[in-house]
Structures are given as C-alpha cells and as structure tokens.
Amino acid sequence: MPAVGKKQLHLAAQLPGIHNVTVWSDPRSESQIAIDSFVRLAQTAERGRFDFFFLAEGLRLREHKGRIYELDVAGRPENLTVLSALAAVTTHLGLAATVNATFNEPYEVARRLATLDHLSGGRAAWNVVTSFDAFTGENFRRGGFLTEADRYTRAAEFLATARALWDSWADDDVRADARAGEFLRPGAGEFAHRGRHFDVSGRFATPRGPQGHPVVIQAGESDAGREFAASDADVIFSKYNRLGEARAFYRDVKGRLARYGRAPDELRIIPTATAVVADTDEEAAAYADEITRAQVSPQTAIAHLEAVWGRDLSAYDPDGPLPDVDPEPDAQVLKGHSVFRKGREETARRWRGLAEERGLTIRELVIEVGGGQTFVGSPRTVADAIDRFVQTDGADGFVFVPHLTPGGLDDLVDRVVPLLQEKGVFREEYAGTTLRDHLGLRRPDLTRRHSRPSTTEAS
Amino acid sequence: MTRDTGTGIGTDTDTGTGSPLHLAVALDGAGWHPAAWRAAGARPGDLFTPGYWADLVAEAERGLVDFVTLEDALGLQSAAFHRTDDRTDQVRGGLDAVLLAARIAPLTTRIGLVPTTNVTHTEPFHLAIGIATLDHASRGRAGWRPQISARAADATHFGRRTTPRLTDDDVRDPELIAARLRPLFAEAADVVEVARRLWDSWQDDAEIRDAATGRFIDRDKLHPIHFEGPHFSVRGPSITPRPPQGQPLVASLAHASVPYEFAARASDVVFVTPHDRAGTRAVLAQVDEAVARSGRDVRARPLKRFGDLLVFLDAEPGSAARRKARLDALAGAELASDAEVFTGTPGDLADLLLDWRSAGLDGFRLRPGTLPHDLVAITRGLVPELHRRRAFRTAYEAMTLRGHLGLPRPGSRYAPVRS
C-alpha cells in the first residue's frame, strides 16, 4: 500500500550503449546487439514494475585522434525498432527512445512514435535531443547545418509540429463502420504548420495513439534546456545524482513550471543513477571499487586525459603523475562525444590541482572525477538512500544504468525493489496500462479538434 | 494442363519439374479489395492494433510461406495512383511498416518479414540501420522493399523538396509514369547502394572484446563508406553491426522499363505483374534485358522473380467470384488492380501457378483480396493443394529469409579477399 504523505517514486532502466560505464570485459557481460539481451533486461525491469525502459541513440561512431574509438562498446541497433520488438514481449513497461530532432523531420518522427504507441498499447516515450554536430551530420542529407543557438528553437518547433500531427486525428476519427460504409471521419489527419524551421501541410497518415501524445522526455542542464523542459516536457533526465546539487536542480526546474501554467507534478525529474548491491555495505563498497576500476582501464584513463588536453598523451604512464604539458583547448581529440566539449582549460586546471593535492596518478584521477557509483550498499542501505533522495526532493525517481548487460539489473529488482515496496513508496503492481498512467500524467486533450485544419504558427 | 487428382498421396505426375515454388503473401489493411474492410469476418476496428497483424502473420507462418510483405506509404492511401482523395468509405491510415515488422518478429520464428519504406523523403542512414536492426531482432528474417514517393502531395509533408506532379495522362501508361519518375528511381538506387555499403561496413568479426589490449572492436574491420551522390552523401560506417544475413533481402515491385532497371541494379527479388503465361515470358524477357544492360552477374547475385496476383479463393466453384462481385457492388466500381485478379478454387489457382511458373518465375506473391478470409484460403486451401502436387515445402528448411529462397549470404565488400 502507498504510504500516506510519502512521494511515490518512478524507476526506469537503460541498456547502456557506448561509454565506459559498460564493463564489457566482465565474463558475465553478454551481447550489446542480440535481441535476447534487450528482452532480458526489459523483462527484468518489468518484473520490478519499472515505469519504463530507455534506449539512447547513436548516429556516428566516435573517433579518437582521427580513428574510430575502440576501447568502449561500439555499435547499437536502431532504438525504435528494438523497442517495437520489446512491445511484443512486455505488457506494461514504458518504451522510451532518444530521437534526434536535427537529423529527422517531424512528419516521420511523429509517425514512428505514434506507431510505437499503437503497437505497445500506449507505452511510447520520446527523448527529444538536438545536435549541432557537423561530424554526425556527415551521415545525413541535412549535414551539419544547425548553429548551437538554433538547437532549442528547432527542437521546440519540431515538438510543436509533432504535437500538431498527433492532434490531426481525433480519438474517434477511425469509425470502421462497415454497415454505414464510413471508415474514417471526413478531414481526419489534415494539418498545416508554418514556422521558421518547418513549412509542412497535408494529411497525417497515422491515427492518434492510445496516449494521445507519447510521453515527451527532455535532457539538458542549460538554462534553455530547463526552460524547454518546464514548458513542454513530461519528464526531464538529469545528471544530478548527488543530493545537494540534485535538490538545487529540482527546485529550479519545478519553479519554472508555473510560468507555463503547469503544476509541479506535471514534470517528473529523473536523474541517471547506478546501484551496487551486495549482502553487506562492506562487500558492496569493495565491489563498487572493482567495477569502477574495470570501467577505467589504463588505456581509458589516457584517452580521457587526451580528450581534455586535446593532444596525444600516449607516452605517459597511466600509473604516473599528470603530464606537465599544457592543454591545447582548441584541438578536438575525441569526436562524437558529448562531454569534454567546453571549458577544457578550466577542467584541466581543476584536475591538475586535485591530482597534486591528493597525490593521484592519471588513472586514479580519472576514476576520482568519474564520480563512482550513486548508490552502494546492502539492499537495506540502498533502498533507504533512494527513498531519502526522493522524499527530500532530490528527484522524482531514477533511471538506472547497469554496468553489466543484460544481468546488471537483477540485484536492484530482486533485492531493493521489494524493500521500496515495503516502505510504501513504490508500486507493487501496475495500476494502469499506459506509460502516462505509470507516471501519473494526464492524457493530452485534443485542443484543436474544432478548428481543423489548423495552421500552427511558430514564432 | 492435366492434373492427377484421383489417387491422392504419392502421385506427382505433373509437378516435379523445376525447383520448388516460392510463395509470399502481401498484407495490406483489410485486404486488397477497397471494400474488403466491409466483408464478413473482417476486423476493420483492429487495423491499428498489433494483435490483428500478429494473427495474420502467424497464419502465414502456419502456411510455411517464405515471407510476408507489409505495405507502407508516407501519406494516406487514395483511390488514385497520383492524387490524394477525400474518400471516407475506404481504409485510410497506416502504421510504420518497419516497426510493425519488428513488433511481429518475436512472435514468429521462421517467416521472412519484408516491410516497405519510402526512400524519397527519408534519411538513407536511418533506413539502413532500421532494416539492419530488424534483421538482428528477427535473427536473419528481414527484407526491405524500398519505394519511391510518387505522389507530389507527400513532399508537402516534409517541406524540403518537390517531386514531379503526375497528370492523368501520365498515369494511363506505366512507361510514361516511370519516365517522369526516373530521377526518383535513380535516387532510390543510391539509397539501396548506401544501405548495402552500411551493412557491409562492419565486417562480421569486427567485435573482438580483447580484454588484454582493452579493445572492444578491431577498428581495422570497420569501414567508412564514403558515398557521394547527386542527392546526398553518407560517410559511414554504420552504427549497427553487420546484420545476421549480411545484407537483408531487398525486394521491389516493377511494372515498366525504369523499375526493371532499378530491380536489376538494386534488388534481390522483383515482383512483376503479368496477366497470363505469354505475358509472363514477355515481362521476364524485359527483366533479363535490364539485368544484362546493368552488367549484373546473376550467378553471383541472383535476382529472384515473383509474379504478383490478387486472389479471391473459395473451395466451392463460383463462390469466390460471387464474393468479389458483392464487394465490387459495395465499392461502387469493379476492382481495378495492377496485378491480375484471380477468383476461383485452390485447385484452379494451383493450376495457374504451376502453369505460369513454367514461363520462368521463381515464385508468387499473393495479395489476399480480403483478410483474413483469403489468407486462410491460401494457407489451408492452396498450400495443401500444392503439397499434393509436391510443389511446395512441407516444413521450413532454413532459419533465415535468404535461406528460404536459396540465396547466398553476401560477404562484406570491405573484407580482404583471402587467397
């Protein structure tokens, strides 16, 4: 039973693609591509009554010093296609995908997401991201045309256009009345949108999905990103999984909602997190150290340093001190990676200070700044920490990223989730069938029903 | 053509010529008749639910067919080839066919899944990784039917280019249409070329997981594709590792010289629409000429030729024709189709298939007039009839779609040739 006066938390799982969070060298680690891996992790999340399963997106393999980066997992399937397959082997779990708003067009994205919503019975979600990256653009007709300043204006207009498309069919526009000979209502699907980035019109080919609109997720820490989430998203992913900074982020973003006529609980704030669970706190701490060291191999440590320093540091000993050479902040050593893009001189200064103060080697430093694991301890310790984080407004829940594929969620689901259920802060059974039900989000009304075909104008 | 029906099992007097017949079923809406959704047994209220499609594909798999095709289009369906319409008395609306195929993949084990996608307004990179992923998710049962967007109205959905606006005169003659759309076919061939290069861009053994050196992949086995064409360029490599079939099967539907050339250049399977045996020979001769002009070596890269037929099947003679006539009356017009329309019994259809096959076809893609009725008539009427004649498989013999068709798994063009 839900505990009186306590926040109910939301849980999600992500199958990690790239990045060194994945400990692929562990003998228990299996394929990142085989459908079985995705099925097992998704079914584990559903067994744990999680809100949703999330897959990020890759559009170009990363490069390091001009060659494909080879130390981390590379290669992943197209996420909406995988999630569609997972809809067949799950019944309640939400299915969320990152889809880039820069190298796609609203009509097609809206159509694919509406399709996933139909095929999953109302479980689709879309993490809207943008790119200004000409490196990624080399794989697309569009190329790398977008300036950084245009990122959020295009994303906002892209989302507005997608919503207009989803609203172009009313819920009851498919009549399928064989006796009367009326399959659909006249005018179903008519749309028009004219704006700075898109000028589109016609008839949308996919009827309104079970959720009306798929759940819209946004990720981003910048002021523009927070504003976009406050005005238009259902969920915001964050990286703030340390309580102090998380609470500041939470206060700030929830405080922005009123400006858009929204209540604080219309946006769920869900940071990315990890959990290391063992029988005792001591065992968990030792295991967490082991994982962290496996995540940062000597080669990985040097590669991270090179990404910040902007130069070849392969001659340096990963178990020795930081290089005494200065960074070349304008040289981009690592491409296709979202981190280490800005403020590298400042980062290098900070890292050098930290290493000198604490006497850290290169590898020790990279492990230190990597932040370690979010929740470490016995099942009881981890459950208490998760609960406290949410009850003190650090977040509304978490996206857990397991370091192992596909078994890395088992301890959390089998040992921690039951304790959260006991506390009355997490569901024992799904109350509804759609992802909006799980997240406690209303289904969008069809506001444009009477004015179709509507021309939506974007400023 | 004579047929031994008298003694049942063990007689194969008129069958064993040539290789076994291949059969595909084309799924679209409530069936290929515009009034099919009003037929008895139709489930028009379920067209946007996964259960409807899962049931149909499971039935096709019970019938051991090689593959199903799933239609798709960017815009709403319309009665005219080249124009949109405002009709409300026919099925309108559809789901993305690749996602639909992926939704069905875990519910089936052997049948090939061949979705259609538009290639005119879409990104080749996204298309290629979507089909590669379908192949991974189905363990080697993916195909792909790339389709150009022939309707000018589709372009306004994207707002970034225009395409030829076809006139009523254009659409009277398949050759005229094809000539007007020639640039879109050329672009489509580039899209398929990009997809095949992206599928090849990871060698099969690129993932090495070498803990000693910390290398997850051997980057020497990953290759940029460096495609540069008049419409787009794609650098590569793919983000998705090489699919189980190496290259998923590419299929296309062709009615005229330009699409025959497209098939010769880009396809593994071509669907053609002859109307009798003599016509079959003529069409296949044109396909062969296109293949010869393209310089394709069909021994190394076979092109399978399937005949398309729209079928109404009933066990009782005359029943299928009456059923079609009732649907024509409901629709207010006689069924018009690019493919030959067949009405009759499973025995009649088996006769026709074996007759036309003798003109050189490898198999047939049957378009059920109504669903599920005519699909069930195929799987439970026609297939047993073909079994009696020993003309069709009695069990799946392969796990992949290429395997069903006896097509080799291509090696990566980027892999070093072993001497």
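Quantities reported herein were computed from a predicted structural model and do not represent experimental measurements. Below, chains carry the letters A, B, ... as their sequence lines are ordered, and counting in each starts from 1.
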Trainee: Under the side-chain contact (heavy atoms from CB on, under 4.5 Å) criterion, do Trp24(A) and Arg209(B) qualify, and how do the steps go?
Mentor: CA-CA 7 Å; Trp24(A) 58 261; Arg209(B) 292 177 179 257; 3.9 Å; yes
Trainee: Please classify the contact of Trp202(B) with chain A as side chain, backbone, both or neither, using a heavy-atom distance under 4.5 Å.
Mentor: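 When you check distances to chain A, only side chain atoms of Trp202(B) fall under 4.5 Å.
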Trainee: Output yes when a side-chain donor or acceptor of Gln299(A) lies under 3.5 Å from a complementary backbone atom of Thr213(B), and no otherwise.
Mentor: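 Flag set: sc Gln299(A) to bb Thr213(B) pair under 3.5 Å.
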Trainee: Count the heavy atoms of every other residue, nucleotide or ligand shown that sit under 6.0 Å from NZ of Lys335(A), and state whether that count exceeds 12.
Mentor: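 Counting other residues, nucleotides and ligands, NZ of Lys335(A) stays at 12 neighbours or fewer.
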Trainee: Among Ala105(B), Pro106(B), Ala54(B), Ala39(B), which has the most heavy-atom pairs under 4.5 Å with chain A?
Mentor: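 The answer is Pro106(B).
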Trainee: Let me confirm one number: the OH-CZ distance from Tyr69(A) to Arg215(B), rounded to the nearest 0.5 Å.
Mentor: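 The OH atom of Tyr69(A) sits 13.5 Å away from the CZ atom of Arg215(B).
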Trainee: Please classify the contact between Ala101(B) and chain A as side chain, backbone, both or neither, with a heavy-atom cut-off of under 4.5 Å.
Mentor: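 No part of Ala101(B) comes within 4.5 Å of chain A.
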Trainee: Which one, Gly202(A), Ser201(A), Ala180(A), Gly209(A), leads in non-hydrogen pairs under 4.5 Å with chain B?
Mentor: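 Between Gly202(A), Ser201(A), Ala180(A), Gly209(A), the count favours Ser201(A).
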Trainee: Could you check which of Val98(B), Val91(B), Leu134(B) has the highest count of heavy-atom pairs closer than 4.5 Å to chain A?
Mentor: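 Option with the top pair count is Val91(B).
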Trainee: For Tyr107(A) and Gly159(B), indicate whether the former's side chain and the latter's backbone hold a donor-acceptor pair under 3.5 Å.
Mentor: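 No; judged by distance alone, with no hydrogens or angles, the pair does not exist.
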Trainee: Give the C-alpha distance, both sets of side-chain angles, the deciding distance and a yes or no for side-chain contact (heavy atoms from CB on, under 4.5 Å) between Leu59(A) and Ile239(B).
Mentor: CA-CA 6 Å; Leu59(A) 298 175; Ile239(B) 191 80; 6.0 Å; no
Trainee: Could you have a look at Ala176(A), Ser297(A), Ala34(A) and say which one has the most heavy-atom pairs with chain B under 4.5 angstrom?
Mentor: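 The residue among Ala176(A), Ser297(A), Ala34(A) with the greatest pair count is Ala176(A).
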Trainee: Pick one of side chain, backbone, both or neither for Leu107(B), based on which atoms fall under 4.5 Å of a heavy atom in chain A.
Mentor: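 Just the side chain, heavy atoms under 4.5 Å.
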Trainee: Look only at the side chain of Glu70(A) and the backbone of Phe216(B), and say whether a donor-acceptor pair between them is shorter than 3.5 Å.
Mentor: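 Pair absent, no side-chain N/O of Glu70(A) close to backbone of Phe216(B).
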Trainee: Short question: side chain of Thr133(B), backbone of Pro77(A) - any donor-acceptor pair under 3.5 Å?
Mentor: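 No; judged by distance alone, with no hydrogens or angles, the pair does not exist.
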Trainee: Looking at Leu74(B), Asp89(B), Asp46(B), Thr156(B), which has the largest count of heavy-atom pairs under 4.5 Å with chain A?
Mentor: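 Among Leu74(B), Asp89(B), Asp46(B), Thr156(B), the one with the most close pairs to chain A is Thr156(B).
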Trainee: Look at the side chain of Arg103(B) and the backbone N and O of Leu119(A), then say whether any donor-acceptor pair between them is shorter than 3.5 Å.
Mentor: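 Flag set: sc Arg103(B) to bb Leu119(A) pair under 3.5 Å.
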Trainee: Name the region of Ala212(B), side chain, backbone, both or neither, that has any atom closer than 4.5 Å to a heavy atom of chain A.
Mentor: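 Only the backbone of Ala212(B) comes within 4.5 Å of chain A.
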Trainee: Looking at Ala85(A) and Ala137(B), what are the two nearest heavy atoms and their distance?
Mentor: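 So the two residues come closest at CB-CB, 4.3 Å.
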Trainee: Which value, rounded to the nearest 0.5 Å, describes the distance between Asp177(A) atom CG and Arg38(B) atom CZ?
Mentor: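 So the gap between those two atoms works out to 8.5 Å.
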Trainee: Within the distance-only criterion (no hydrogens, no angle test), does the side chain of Asn139(A) pair as donor or acceptor with the backbone N or O of Val234(B) below 3.5 angstrom?
Mentor: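 Pair absent, no side-chain N/O of Asn139(A) close to backbone of Val234(B).
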Trainee: For Ile225(B), which atoms come within 4.5 Å of any heavy atom of chain A: side chain, backbone, both, or neither?
Mentor: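 Looking at Ile225(B), nothing touches chain A.
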Trainee: Taking Ile18(A), Asp72(A), Thr300(A) one by one, which has the highest count of heavy-atom pairs under 4.5 Å against chain B?
Mentor: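 Option with the top pair count is Asp72(A).
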Trainee: Taking ring pair (Phe, Tyr, Trp, His ring centres under 6.0 Å) as the criterion, tell me which of Phe204(A), Phe198(A), Phe191(A) meets it with His157(B).
Mentor: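 Option passing the ring pair (Phe, Tyr, Trp, His ring centres under 6.0 Å) with His157(B): Phe191(A).
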Trainee: I'd like to know if Arg139(B) pairs up with Asp36(A) as an ion pair, taking the criterion as any Lys NZ or Arg NE/NH1/NH2 lying under 4.0 Å from an Asp or Glu carboxylate oxygen.
Mentor: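 Looking at Asp36(A) together with Arg139(B), the answer is yes, because their closest N to O distance falls below 4.0 Å.
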Trainee: If I take atom OG from residue Ser238(B) and atom CZ from residue Arg76(A), how far apart are they, to the nearest 0.5 angstrom?
Mentor: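 Ser238(B) OG to Arg76(A) CZ: 12.0 Å, rounded to 0.5 Å.
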Trainee: For Arg175(A), which atoms come within 4.5 Å of any heavy atom of chain B: side chain, backbone, both, or neither?
Mentor: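 Nothing of Arg175(A), per the 4.5 Å heavy-atom cut-off to chain B.
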Trainee: Below 4.5 Å from any heavy atom of chain A, which atoms of Asp210(B) appear? Answer side chain, backbone, both or neither.
Mentor: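 Backbone only.
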Trainee: Take Phe48(B) and Asp117(A), measure what side-chain contact (heavy atoms from CB on, under 4.5 Å) needs, and give me the verdict at the end.
Mentor: CA-CA 10 Å; Phe48(B) 306 104; Asp117(A) 209 40; over 6 Å; no
Trainee: Among Gly75(B), Ala42(B), Pro44(B), Gly214(B), who wins on heavy-atom pairs under 4.5 Å with chain A?
Mentor: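 Looking at each option in turn, the highest pair count goes to Gly214(B).
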Trainee: Show the numbers, then the answer: is there a side-chain contact (heavy atoms from CB on, under 4.5 Å) between Glu105(A) and Arg160(B)?
Mentor: CA-CA 10 Å; Glu105(A) 299 300 316; Arg160(B) 49 180 196 179; 3.1 Å; yes
Trainee: What residue in Pro50(B), Ser138(B), Ala35(B), Ala30(B) has the most heavy-atom pairs under 4.5 Å with chain A?
Mentor: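 So the answer, after comparing Pro50(B), Ser138(B), Ala35(B), Ala30(B), is Pro50(B).
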Trainee: Could you check whether Glu190(A) pairs with Arg92(B) (Lys NZ or Arg NE/NH1/NH2 to Asp/Glu carboxylate O, under 4.0 Å)?
Mentor: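 Looking at Glu190(A) and Arg92(B), the cut-off is not met.
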Trainee: For Pro207(A) versus Gly93(B), what's the shortest heavy-atom pair and its separation?
Mentor: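 What the structure gives for the nearest pair is CD-CA, 4.4 Å.
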Trainee: Picking from Val82(A), Asn104(A), Leu86(A), which has the most non-hydrogen pairs under 4.5 angstrom with chain B?
Mentor: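 Of the candidates given, the most pairs with chain B belong to Asn104(A).
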Trainee: As an exercise: rank Leu99(B), Ile129(B), Leu76(B) by heavy-atom pairs under 4.5 Å with chain A and give me the winner.
Mentor: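 Of the candidates given, the most pairs with chain A belong to Leu99(B).
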Trainee: How about His126(B) and Phe140(A): are their ring centroids closer than 6.0 Å?
Mentor: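 Yes.
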Trainee: Can you find a heavy atom in the side chain of Leu61(A) that is under 4.5 Å from one in the side chain of Pro237(B)?
Mentor: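 The answer is yes; the side chains approach within 4.5 Å.
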Trainee: Among Thr81(A), Ile35(A), Leu80(A), single out the residue with the greatest number of heavy-atom pairs under 4.5 Å to chain B.
Mentor: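 Between Thr81(A), Ile35(A), Leu80(A), the count favours Thr81(A).
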Trainee: Identify the two heavy atoms, one from Asp96(B) and one from Arg112(A), that lie closest to each other, and give their separation to 0.1 Å.
Mentor: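 Distance-wise, the nearest heavy atoms are OD2-CG, 3.6 Å.
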Trainee: Is a donor on one side and an acceptor on the other found under 3.5 Å between the side chain of Thr206(A) and the backbone of Leu95(B)?
Mentor: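 Side chain of Thr206(A) to backbone of Leu95(B): no pair is present.
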Trainee: Which one of Val39(A), Val89(A), Val73(A) has the most heavy-atom pairs closer than 4.5 Å to chain B?
Mentor: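 It is Val73(A).
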Trainee: Within this structure, what is the CD1-OG1 distance for the pair Ile33(A) and Thr240(B), rounded to the nearest 0.5 Å?
Mentor: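 Rounded to the nearest 0.5 Å, the CD1-OG1 separation comes to 6.0 Å.
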Trainee: Could you tell me whether a side-chain N or O of Arg141(A) sits under 3.5 Å from a main-chain N or O of Thr122(B), the two making a donor and an acceptor?
Mentor: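 Here the side-chain-to-backbone pair exists.
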Trainee: Quick one: does Thr88(B)'s side chain have a donor or acceptor within less than 3.5 Å of a partner on Glu182(A)'s backbone?
Mentor: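 The answer is no, because no donor-acceptor pair under 3.5 Å joins these two groups.
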Trainee: For the pair Asp85(B) and Arg203(A), find out whether any cationic side-chain nitrogen is under 4.0 Å from an anionic carboxylate oxygen.
Mentor: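 Answer for the salt bridge query: no.
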